[in-house]
Number of protein chains: 2
Amino acid sequence: MFQEVDKHITRCSPFSQAELELFHSKLKPRKVRKRTFLLSEGEVCRFEAYIVKGCVKKYFIDNNGDEVILQFAVEDWWISDIASFAEQKPSNLFIETLEDSELLMIDFESKEQLYKEIPHLERVFRLMLQRSYAVLENRLYSTVANSAEERYLDFIKRYPTIPQRVPQQQIASYLGITPESLSRIKSNLIKKS
Amino acid sequence: MFQEVDKHITRCSPFSQAELELFHSKLKPRKVRKRTFLLSEGEVCRFEAYIVKGCVKKYFIDNNGDEVILQFAVEDWWISDIASFAEQKPSNLFIETLEDSELLMIDFESKEQLYKEIPHLERVFRLMLQRSYAVLENRLYSTVANSAEERYLDFIKRYPTIPQRVPQQQIASYLGITPESLSRIKSNLIKKS
């Protein structure tokens, strides 16, 4: 169960067996069905979750009542509302499973304790945050600077397994376009190839 | 010169005098005039800069040739293209001073070496990234979910000194509205108050 998450963290920094065991002791395994809400708007985000298996989305509801998807996460990704978790304040976001999923969840106090006992775990999460920040900034940038087709190509490069796993409408929401535009882009790409 | 940055990092983790001196030895002080480009699109971002004095903006140019401002930074903030710096790959962004500024700059190799020699520096930058991520995610969220007036109020709360220091047009660019809309919002707020 911990094999993948161990690979994930040891890519960033070496861990002793004792440190890995301490780390495991703080992770709560959880199996959840498709369409389970892990977080709803107004709640404090109590977890960071590593995805062993499954697919999860993070989104908010805009003024028109539409879903705006901020992130998909699949195997070997972490998901959380970073701001709500870090400051233990109410979230604006929803986190919901898109498939039956197996997660390893850690709560705020356990994570702070781990940082104390395994200081170089800071490096793992510093590097993870760096990547998340880069993805988010690229998203903000590409929404304005790139065409919808470029954004779709970038999306399938970053998330190669998602198009087979997630309804088209959700991918359109992530890209900030209508499902009809996404269909058009996909048929154009097929014609071109 | 290092007084403020020392306060900044010791807020997150305690540092010994020897550690602070090592940290200082890696920071290159630089005084730059207003309208200096610290980074241009296509260059690799070679620095993270702590702002001792001054004001800096980070932006990109969209498909219409317009500036889209991603971040302002003033005293006691860090500025960098995090993705370009972390992966040492070409940037899509510009970083430019808006005032004569005094900076403390650190390059990639020096920072990696510092992480090796002062491992708990990881904590400082992990916390900094957490805040930056929260600001960026909130920006993405609020652009879609909040009114322009709410965004302006949030902006002056986060950056109380910027409205006196930066042309109105730049603030409008950050908020994703026209300078005319910003004027309207400001006069409405004055009427209300």
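Each chain gets a letter, A, B and so on, in the order the sequences are listed, and its residues count up from 1. The figures here come from the full heavy-atom set of this structure, side chains too, leaving out hydrogens, waters and symmetry mates.
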In this structure, would [X] and [Y] fall into the same cluster of hydrophobic residues linked by side-chain contacts under 4.5 Å?
X      : Y     : result
B:V52  : B:V32 : no
B:V166 : B:V68 : no
A:I156 : A:V74 : yes

- Message: Within the structure provided, determine whether B:E137 and A:I82 are in side-chain contact (heavy-atom separation under 4.5 Å).
- Response: no
Non-hydrogen atoms of [X] and [Y] that approach each other most closely:
X      : Y      : result
A:L93  : B:Y141 : CD2-CD1, 4.4 Å
A:F60  : B:L140 : CZ-O, 4.1 Å
B:F125 : A:R126 : C-CG, 3.9 Å

Would you indicate whether [X], at its atom [atom1], is surrounded by more than 12 heavy atoms from other residues, nucleotides or ligands within a distance under 6.0 Å?
X      : atom1 : answer
A:R33  : CZ    : no
A:R35  : CZ    : no
B:Q169 : CD    : no
B:Q3   : CD    : no

- Message: Could you measure the distance from the NZ atom of B:K116 to the CZ atom of A:R123? Nearest 0.5 Å is fine.
- Response: 8.0 Å
- Item | Between SG on residue A:C12 and CD on residue B:E122, distance to nearest 0.5 Å | 9.5 Å
[X] versus chain A, the contacting section by heavy-atom distance below 4.5 Å:
X      : answer
B:L136 : both
B:N146 : backbone
B:Y115 : side chain

